[in-house]
Amino acid sequence: MSAEIICVGTELLLGDILNSNAQFLAQELAQLGIPHYYQTVVGDNPERLKQVIEIAISRAQILIFTGGLGPTPDDLTCEAIADFFGVPLVERADIIEDITRKYASRDRLMTPSNRKQALIPQGAEILPNPTGTAPGIIWQPRPELTIFTFPGVPSEMHRMWQETTVPYLKNQGWGKEIIYSRMLKFWGIAESALAEKVSPYLNLPNPTVAPYAGKGEVRLRVSAKAASQSVAQELISPVEKQLKDIGGLDYYGADDDTLASVVGELLRSLGETLSVAESCTGGGLGQMLTEISGSSEYFWGGVISYDNSVKVKLLGVNPEDLAKFGAVSATIAEQMAIGVRSRLATTWGLSITGVAGPSGGTDTKPVGLVYIGLAAANGEVESFEYRFGAVRGRSLIRHVSACTALDNLRRKLLSIIIP
């Protein structure tokens with residue numbers, strides 16, 4: 001038994017609207033322990049919608065539709081569903097009464113086009129919409145097949161799901177098990193390399209392990225199906241520990257952890273402080289740090305030093321070294337880190353300088369070349385060279401550079417805590 005999510009709307013296909021409804025429903029189905037293997041997006045076209053239904057009923061027992069329940073001519077979900085199963089649409093007086101009352105509460109009159117929202121397939125039950133005018137349906141047109149429809153407005157759909165659909169599904173025997181997941185996060189290792197290291201775990205039946213990659217980060221999702229979250233956690237725990245051990249220093253956190261939050265906790269635990277000097281990231285590193293609540297306890301500030309004169313005047317970079325080595329160099333990255341640490345009187349100074357592109361690259365210093373500097377209060381200074389490649393694009397190079405700088409500091413702090 002499985003569910004399929006079908007999102008209706010040409011605006012979704014065009015990318016004009018982010019399809020957050022599918023994400024919400026996927027997460028909710030997992031909480032109920034209802035597997036779903038397919039999601040479909042289809043435009044406002046009745047024939048294509050019926051083709052989608054024909055495919056979906058061959059592989060799922062619960063079909064969940066969002067969108068296409070409004071009063072306009074292109075809102076065709078209920079009409080297409082009824083036509084596919086060969087039943088007429090019937091007008092429900094109680095729906096018209098509900099729509100009329102809602103319009104009256106806003107000092108408005110119901111328009112004739114809204115009567116369309118009162119048409120539902122014969123035999124279907126109403127799925128109430130407490131806030132909007134478009135109700136959904138709960139319908140079993142065939143044995144072992146249940147159809148739910150929801151409006152596309154996320155706030156309306158969320159409430160209808162929680163107040164009516166979840167109790168209905170639980171009453172039908174669903175929700176006796178849940179699917180609970182932990183997302184383990186890694187930085188500094190490629191997805192293929194990590195997948196190879198953990199390959200024996202990728203075929204486990206319960207819990208399951210699946211790799212994901214994005215924006216320089218690699219994640220392992222560990223999911224268990226069980227009667228409760230506590231039981232699922234018991235299944236996940238030993239596998240999680242083994243995966244962390246395999247990941248070693250590349251593992252940095254789980255679930256809502258970010259590199260900035262992890263670095264912040266390490267600085268707080270050591271009673272140490274940080275300042276940053278940024279060139280190619282333009283404040284992105286500081287933004288990541290200040291997004292963490294309470295970061296002022298350990299993050300004291302930064303300097304965005306795009307122009308070389310700022311590097312010299314505010315950070316104390318040697319102008320002769322700038323002329324000799326260029327702004328994008330290990331020497332300048334180190335001096336930027338030393339300068340910002342000294343001037344802001346912090347334990348650590350962290351710097352980034354590089355070529356983010358799309359222009360500015362040369363044969364010797366191509367787009368994607370980045371240097372990170374790290375200066376400590378004891379006078380120790382290090383620099384790290386990275387070549388992220390022009391193919392990543394400017395915004396991704398900036399993001400990966402800031403995250404990599406944080407990761408270098410994280411590893412340094414861990415070496416202090418765990419020599």
Side-chain angles (χ1 to χ4, degrees), residues 185-197 211-220 247-253 257-263 274 276-289 291 302-308 311 315 317 322 325-337 340 348-375 381-414:
K185 300 181 177 182
F186 302 79
W187 192 272
I189 186 170
E191 180 187 17
S192 57
L194 182 60
E196 186 174 337
K197 283 186 173 184
Y212 299 88
K215 292 188 174 182
E217 180 179 270
V218 183
R219 293 167 288 166
L220 293 176
L249 281 176
D250 293 329
Y251 168 80
Y252 77 83
D257 290 335
T258 65
L259 282 163
S261 69
V262 170
V263 165
L274 171 67
V276 300
E278 302 182 60
S279 184
C280 70
T281 46
L285 176 56
Q287 181 182 11
M288 287 180 180
L289 289 161
E291 283 178 347
V303 176
I304 302 174
S305 55
Y306 255 46
D307 190 78
N308 284 345
K311 294 179 176 70
L315 298 175
V317 170
L322 269 171
F325 300 106
V328 180
S329 63
T331 300
I332 301 308
E334 291 176 4
Q335 291 183 21
M336 288 170 63
V340 76
W348 297 93
L350 187 61
S351 70
I352 305 174
T353 180
V355 186
S359 61
T362 66
D363 289 341
T364 55
K365 295 185 178 182
V367 171
L369 175 64
V370 173
Y371 290 93
I372 292 168
L374 179 61
V381 61
E382 299 176 83
S383 60
F384 310 87
E385 178 184 302
Y386 296 92
R387 294 177 182 263
F388 295 125
V391 70
R392 288 177 180 263
R394 179 179 177 81
S395 62
L396 185 54
I397 288 172
R398 287 156 62 103
H399 173 82
V400 172
S401 297
C403 289
T404 301
L406 288 169
D407 187 57
N408 276 294
L409 178 55
R410 175 186 69 90
R411 292 170 188 259
K412 187 68 175 180
L413 294 171
L414 285 174

Distance (rounded to the nearest 0.5 Å) between Met336 CE and Ser279 OG
5.5 Å
Answer whether the closest heavy-atom distance between the side chains of Asp407 and Cys403 falls below 4.5 Å.
no
Does the side chain of Leu194 reach to within under 4.5 Å of the side chain of Tyr251, using non-hydrogen atoms?
no
NZ on Lys365 to CZ on Phe325, rounded to 0.5 Å
9.5 Å
Closest non-hydrogen atom pair between Ser401 and Thr281, with its separation:
CB-CG2, 3.9 Å
Donor-acceptor contact below 3.5 Å, side chain Arg410 vs main chain Leu249
yes
Arg398 to Cys280 - nearest heavy-atom pair and separation
NH1-O, 3.2 Å
So, does Glu385 use its side chain to make a donor-acceptor pair with the main chain of Ala330 at under 3.5 Å?
no
With side chain to side chain contact (heavy atoms under 4.5 Å, CB included) as the test, pick out the partner of Tyr371 among Thr331, Ile332, Val328, Ile352.
Val328
Check whether any side-chain heavy atom of Leu406 lies under 4.5 Å from a side-chain heavy atom of Leu289, and answer yes or no.
yes
Separation of Thr353 OG1 from Ile372 CD1 (nearest 0.5 Å)
10.5 Å
Taking the side chain as C-beta and beyond, is there a heavy-atom pair between Leu350 and Leu285 under 4.5 Å?
yes
Any sub-3.5 Å donor-acceptor pair from Lys311's side-chain atoms to Ser305's backbone N or O?
yes
At what distance, to the nearest 0.5 angstrom, does CZ of Phe388 lie from CG of Leu369?
9.5 Å
Do Met288 and Leu259 touch side chain to side chain, with heavy atoms closer than 4.5 Å?
no
Which residues pass the side chain to side chain donor-acceptor pair (under 3.5 Å) test with Glu191, sequence neighbours left out?
none
Do any N or O atoms from the side chain of Arg387 and from the backbone of Gly368 form a donor-acceptor pair under 3.5 angstrom?
no
Working to the nearest 0.5 angstrom, can you tell me the gap between Glu278 CD and Gln287 CD?
9.5 Å
Determine yes or no for a side-chain-to-main-chain donor-acceptor pair under 3.5 angstrom, with Thr404 supplying the side chain and Val400 the backbone.
yes
If I take atom CZ from residue Arg219 and atom CH2 from residue Trp187, how far apart are they, to the nearest 0.5 angstrom?
11.0 Å
List the steps, then state whether side-chain contact (heavy atoms from CB on, under 4.5 Å) holds for Ile189 with Lys197.
CA-CA 11 Å; Ile189 186 170; Lys197 283 186 173 184; 4.2 Å; yes
Is there side-chain contact between Glu382 and Asn408, with heavy atoms separated by less than 4.5 Å?
no
A side-chain contact here means heavy atoms from C-beta on lying under 4.5 Å apart; do Pro358 and Val367 qualify?
no
Does a side-chain heavy-atom distance below 4.5 Å link Val340 with Val276?
no
